[in-house]
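Here's the structure we're looking at; comments come further down.
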Amino acid sequence: RFNTCIQIDHDDRSILGKSVYDSYETLKIIFSQHKIRNKIKRELQSNALFNIAKYELTQNNRLKAISFFTKSLFTDLNNKQSKLKVNVLIKLCTGKKNTEIRKII
């Protein structure tokens, strides 16, 4: 039997704040307390890690951004954003400017 989980969005929630880390921690708590299909878990975790990577990129933390983009990619290889993540990783690793990378994500 599966339960419905609802995450409430509000005006103050943004990828520009540390709330992306809170969202990821919330997911981990939900996963530990509820039975959720692995496919959905992987997709939600991958998306949360992707949001953390985007946040780190806005903070000019390239190494952290690379780390989280990589984790996001390998958490769910079948994610519809996988090609974008690979493209961003290539640009990060080849020294493209953060402003150029932010335009594609």
Original post:
What distance separates L73 CG from L89 CG, expressed to the nearest 0.5 Å?
Top reply: 6.5 Å
Original post:
Who else is in I29's hydrophobic cluster (ILVMFWY, side-chain heavy atoms under 4.5 Å, direct or via others)?
Top reply: none
**OP:** Can you measure from CG (D76) to OG (S82) and round to the nearest 0.5 angstrom?
**Re:** 6.5 Å
Original post:
With sequence neighbours left out, what residues match F31 under side-chain contact (heavy atoms from CB on, under 4.5 Å)?
Top reply: L27, I36, K41, L44, Q45
Original post:
How about K71 and S46: does a side-chain donor come under 3.5 Å of a side-chain acceptor?
Top reply: no
Distance-only criterion, 3.5 Å: show the donor-acceptor pairs between side-chain atoms of residues 60-68 and protein atoms not counting sequence neighbours.
residue: N60; atom: OD1; partner: N98; partner atom: ND2; Å: 2.8
residue: N60; atom: OD1; partner: R102; partner atom: NH2; Å: 3.4
residue: N61; atom: ND2; partner: E56; partner atom: OE1; Å: 2.6
residue: R62; atom: NH1; partner: K96; partner atom: O; Å: 2.8
residue: R62; atom: NH1; partner: N98; partner atom: OD1; Å: 2.4
residue: R62; atom: NH2; partner: L92; partner atom: O; Å: 2.7
residue: R62; atom: NH2; partner: K96; partner atom: O; Å: 3.0

Original post:
Residues in side-chain contact (heavy atoms from CB on, under 4.5 Å) with N87, at least two apart?
Top reply: K91, I104
Original post:
Sequence neighbours excluded, which residues qualify as side-chain contact (heavy atoms from CB on, under 4.5 Å) partners of K39?
Top reply: R42
**OP:** Answer whether the closest heavy-atom distance between the side chains of L57 and I105 falls below 4.5 Å.
**Re:** yes
Subject >> Pairs touching residues 69-90 that satisfy ring-ring contact (aromatic ring centres under 6.0 Å, His included), sequence neighbours left out >> reply: F50-F69
**OP:** Not counting sequence neighbours, which residues clear side-chain contact (heavy atoms from CB on, under 4.5 Å) with N47? List them please.
**Re:** E43, N79, Q81
**OP:** Mind checking side-chain hydrogen bond (donor to acceptor under 3.5 Å, both in side chains) for K28 and listing every partner two or more places apart, or none if nothing turns up?
**Re:** E25
Original post:
Can you list every pair that meets ring-ring contact (aromatic ring centres under 6.0 Å, His included) and has a residue in residues 86-105, with sequence neighbours left out?
Top reply: none
Original post:
Pairs in or reaching into residues 83-105: which pass ring-ring contact (aromatic ring centres under 6.0 Å, His included), with residues at least two apart or in two chains?
Top reply: none
**OP:** Give the intermediate values and the outcome of side chain to side chain contact (heavy atoms under 4.5 Å, CB included) for residues K85 and V88.
**Re:** CA-CA 5 Å; K85 294 171 189 176; V88 169; 5.7 Å; no
